[in-house]
Trainee: 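Sharing a structure here in structure tokens format.
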Amino acid sequence: MASSSSFSSADAALELLVSCAHAIEDGNLKTADSFLHQIWNLAPEEHGLISKLVRYFAEALVRRAYGLHPSYYTYSNLQIPHPLYYYYYYSRFDINEMVGEAIESAAIGKKGFHLIDFHIPHLCGRGYLFKTLPNRSSDPLSVRITVVLPTFLKNTVDFQEEMEYLTGVGKPLKIELKREDLRIVYANSLGEVDESSLDLRRTNDDEALVVYYNFKFHTLLAEAEAMKKELIKLRQINPEIVIMQEQYANDNDGNFIKRLEYSFRYYSNFFQYYSNLFKSGKPLDFNTAKYYMRQIHNIVACEGRDRIMRHQSLDEWRDLLLTAGFLQIPFQKDVENLHALYWVEEIKEEKGCLVLSHKDCLILFVSCWRPRAGEEHFKFNLNSNKLRQGIFVFHC
């Protein structure tokens with residue numbers, strides 16, 4: 001199955017990990033420990049990315065066996081934006097242009113924008129969300145920003161620092177911001193925002209409301225009530241467009257073993273392709289490695305509300321949003337003419353969404369949505385195997 005010094009293949013590593021997982025599920029920690037000992041010996045850290053990945057999964061199994069479930073959301077964790085967010089917004093890439101065209105089409109006749117986001121702005125890199133905003137006029141673009149951040153960050157975020165950062169990145173893009181144009185509110189999601197702290201109802205008919213869910217939506221699946229509140233709030237505030245970006249993964253199976261198998265294949269493909277980019281053997285940078293380590297630990301070790309990483313398939317996301325009363329806004333541009341990121345081999349259109357991939361590894365997707373007009377009630381369906389919840393009917 002494996003050589004004496006390292007794993008002969010990712011499949012050989014997965015076989016040992018699954019055997020260890022079955023032993024843990026059976027409560028046989030002595031056998032599990034024996035498998036872990038083999039894994040440590042066969043996956044030394046100095047043997048590259050795949051060995052590092054195997055160790056991340058082994059560490060996750062130890063956490064599961066002994067109930068070690070540290071909080072996923074901490075201030076230090078949130079200092080590291082999603083690595084794919086970095087590639088998406090930093091690179092000279094036409095996805096920003098395509099999102100901008102979708103926003104422009106959805107906001108015809110509007111003269112300004114109100115942006116809602118869920119990330120500390122200065123951590124998200126140059127350009128922030130402004131690169132996605134269309135501005136064909138020589139006049140400055142009117143923009144307001146509402147940032148919704150977890151409540152535990154309330155005493156840690158420096159408003160002045162964020163204001164200075166946004167002013168700086170907005171200036172070359174003809175976006176002028178005043179102090180009152182930035183609001184930071186503290187809630188775990190938009191659905192939890194109290195109207196007494198922020199009234200999201202429209203006060204200006206010339207302003208388009210744009211909501212960005214960049215690697216955020218999947219975190220709401222841990223509790224059906226949280227997703228229910230979010231979708232209801234979105235329909236209430238009625239944005240012109242909702243931009244959704246998620247990993248193209250499917251690790252939300254209620255069966256722990258299946259979840260381990262799928263997530264290992266996903267991350268082993270991802271790590272392998274990353275490794276192939278740098279034939280000199282360049283390792284993952286520290287922050288990227290730490291981010292994916294935390295994802296893997298959470299997917300494998302945690303259950304219930306503690307399991308925040310709940311990536312769904314594209315079909316499942318589409319079914320959820322369509323049944324919740326949203327319409328998809330398809331991208332208009334011919335994706336074959338797009339220039340790929342330096343590390344992305346293929347960009348394709350799938351069911352109105354943009355999908356980025358490298359060889360056989362589907363990496364992320366981007367899709368655009370809006371609430372369906374004139375619908376007073378809708379169904380909200382979450383797979384009972386994944387959340388142990390049924391079908392909800394809302395009256396909005």
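Numbers for residues simply follow the sequence, beginning at 1.
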Trainee: Which donor-acceptor pairs under 3.5 Å do the side chains of residues 24-33 make with protein atoms, sequence neighbours left out?
Mentor:
unit_1, atom_1, unit_2, atom_2, d
E25, OE2, R64, NE, 3.4
N28, OD1, T31, N, 3.1
N28, OD1, T31, OG1, 3.1
N28, ND2, T31, OG1, 2.9

Trainee: Output, in order, the C-alpha distance, side-chain angles, deciding distance and verdict of side-chain contact (heavy atoms from CB on, under 4.5 Å) for L61 and F57.
Mentor: CA-CA 6 Å; L61 288 173; F57 274 88; 5.8 Å; no
Trainee: For the residue pair Y291 and I296, establish whether any side-chain heavy-atom pair is separated by less than 4.5 Å.
Mentor: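 No; the side chains remain at least 4.5 Å from each other.
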Trainee: Are the side chains of Q247 and F215 in touch, meaning some heavy atoms are under 4.5 Å apart?
Mentor: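 Side-chain contact under 4.5 Å: yes.
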Trainee: Salt bridge or not between R305 and E223? Use side-chain N to carboxylate O under 4.0 Å.
Mentor: yes
Trainee: Any non-hydrogen side-chain atom of P150 less than 4.5 Å from a side-chain atom of L153?
Mentor: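 Sidechains of L153 and P150: in contact.
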Trainee: At their closest point, which heavy atom of S263 faces which heavy atom of V300, and how far apart are they?
Mentor: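 Between these two residues, the closest heavy atoms are OG-CG2, 4.4 Å.
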Trainee: First locate atom CE of M244, then atom CD of Q328, and finally report the distance between them rounded to the nearest 0.5 Å.
Mentor: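 The CE atom of M244 sits 10.0 Å away from the CD atom of Q328.
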Trainee: In Å and rounded to the nearest 0.5 Å, what is the CG to NZ distance from N188 to K229?
Mentor: 10.0 Å
Trainee: Report yes if the side chains of L141 and F130 come closer than 4.5 Å at any heavy-atom pair, otherwise no.
Mentor: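 They are not in contact (no side-chain heavy atoms under 4.5 Å apart), so the answer is no.
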Trainee: Hey, does L133 have a side-chain heavy atom less than 4.5 Å from the side chain of F113?
Mentor: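 Yes, side chains in contact.
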Trainee: For the residue pair A107 and A208, what are the closest heavy atoms and their distance?
Mentor: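 Heavy atoms of A107 and A208 come nearest at CB-CB, 3.6 Å.
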Trainee: Quick one: does any side-chain atom of R235 pair with a main-chain N or O of G325 as donor and acceptor, under 3.5 Å?
Mentor: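 The answer is yes, because a donor-acceptor pair under 3.5 Å joins these two groups.
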Trainee: On a heavy-atom basis, which atom in L173 and which in V169 lie closest, and how many Å separate them?
Mentor: CD1-O, 3.7 Å
Trainee: So, does R310 use its side chain to make a donor-acceptor pair with the main chain of R307 at under 3.5 Å?
Mentor: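 Here the side-chain-to-backbone pair exists.
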Trainee: Go through the steps to decide whether T132 and Y212 satisfy the test side-chain contact (heavy atoms from CB on, under 4.5 Å), and finish with yes or no.
Mentor: CA-CA 11 Å; T132 64; Y212 295 84; 2.7 Å; yes
Trainee: For a 4.5 angstrom cut-off between non-hydrogen side-chain atoms, does L321 reach L327?
Mentor: no
Trainee: Determine whether V54 and L16 make a side-chain contact, defined as any pair of heavy atoms from C-beta on separated by less than 4.5 Å.
Mentor: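 Heavy-atom side-chain distance check fails, nothing below 4.5 Å.
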Trainee: If every non-hydrogen atom of M98 is compared with every non-hydrogen atom of L354, which pair is closest and at what distance?
Mentor: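 Smallest heavy-atom distance, with atoms named: SD-CD1, 3.8 Å.
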Trainee: For V143 and L177, which heavy atoms make the closest approach, and how far apart are they?
Mentor: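 Smallest heavy-atom distance, with atoms named: O-CD2, 3.3 Å.
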Trainee: I'd like to know if R370 and E240 make a salt bridge, using a cut-off of under 4.0 Å between side-chain N and carboxylate O.
Mentor: no
Trainee: Angle class for the H122/Y165 ring planes (parallel below 30°, perpendicular above 60°, tilted otherwise)?
Mentor: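 Plane angle over 60°, so perpendicular.
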Trainee: Which distance, rounded to the nearest 0.5 Å, do you find between the CG of L182 and the CD of Q160?
Mentor: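 Reported value, rounded in 0.5 Å steps: 10.0 Å.
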Trainee: Roughly how far, to the nearest 0.5 Å, is CG of L14 from CG of L260?
Mentor: 6.5 Å
Trainee: For L364, is there any backbone N or O sitting under 3.5 Å from a side-chain donor or acceptor partner on Q245?
Mentor: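 Side chain of Q245 to backbone of L364, a donor-acceptor pair under 3.5 Å: no, none is there.
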Trainee: Go through the steps for S313 and E316 under the test side-chain contact (heavy atoms from CB on, under 4.5 Å), then give the verdict.
Mentor: CA-CA 5 Å; S313 70; E316 287 175 311; 3.2 Å; yes
Trainee: Quick one: side chain to side chain contact (heavy atoms under 4.5 Å, CB included) partners of S142, sequence neighbours excluded?
Mentor: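 Side chain to side chain contact (heavy atoms under 4.5 Å, CB included) list for S142, sorted by chain: empty.
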Trainee: Distance-only, no hydrogens or angles: does the E246 side chain make a donor-acceptor pair with backbone N or O of Q312 under 3.5 Å?
Mentor: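 It does not hold such a pair.
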Trainee: One pair to check against side chain to side chain donor-acceptor pair (under 3.5 Å): Y213 and E230. What are the steps and the verdict?
Mentor: CA-CA 11 Å; Y213 285 97; E230 196 75 4; 2.6 Å; yes
Trainee: To the nearest 0.5 Å, how far apart are CD in Q236 and CG in L234?
Mentor: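 That separation rounds to 9.5 Å.
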Trainee: Do L129 and D117 have side-chain heavy atoms sitting under 4.5 Å apart?
Mentor: yes
Trainee: Using a 3.5 Å distance criterion without hydrogens, assess whether the side chain of N298 forms a donor-acceptor pair with backbone atoms of D306.
Mentor: yes
Trainee: Could you please spell out the steps behind the side-chain contact (heavy atoms from CB on, under 4.5 Å) verdict for I145 and D181?
Mentor: CA-CA 6 Å; I145 302 167; D181 292 331; over 6 Å; no
Trainee: So which atom in E162 and which in I184 form the shortest heavy-atom distance, rounded to 0.1 Å?
Mentor: CG-CD1, 4.3 Å
Trainee: Verify the ring-centre separation between Y56 and Y292: is it less than 6.0 angstrom?
Mentor: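 No.
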Trainee: Take Y248 and E350 through the test side chain to side chain donor-acceptor pair (under 3.5 Å) and record every step on the way to the result.
Mentor: CA-CA 12 Å; Y248 200 115; E350 183 177 333; 3.0 Å; yes
Trainee: May I ask you to decide if W40's main-chain N or O and Q38's side chain share a donor-acceptor pair within less than 3.5 Å?
Mentor: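 No.
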Trainee: Closer than 4.0 angstrom, basic N to acidic O: yes or no for D139 and K174?
Mentor: no
Trainee: Before accepting this row, confirm whether a basic side-chain N of the pair E303/R259 lies closer than 4.0 Å to the acidic partner's carboxylate O.
Mentor: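 Judged by the 4.0 Å cut-off on N to carboxylate O distance, E303 and R259 do form a salt bridge.
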Trainee: Checking E161 side chain against D158 main chain: does a donor-acceptor pair fall under 3.5 Å?
Mentor: no
Trainee: Is it true that a side-chain atom of K110 and a backbone atom of D205 form a donor plus acceptor pair closer than 3.5 Å?
Mentor: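 Indeed, once roles are kept as given, a pair shorter than 3.5 Å links the two residues.
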Trainee: For the CZ atom of F331 and the SG atom of C368, what is their distance to the nearest 0.5 Å?
Mentor: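 The CZ atom of F331 sits 3.5 Å away from the SG atom of C368.
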Trainee: Do the side chain of T219 and the main chain of K216 share a donor and acceptor less than 3.5 angstrom apart?
Mentor: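 Yes.
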Trainee: Under a 3.5 Å distance rule, please check whether K233 uses its side chain to pair with a backbone N or O of V193 as donor and acceptor.
Mentor: yes
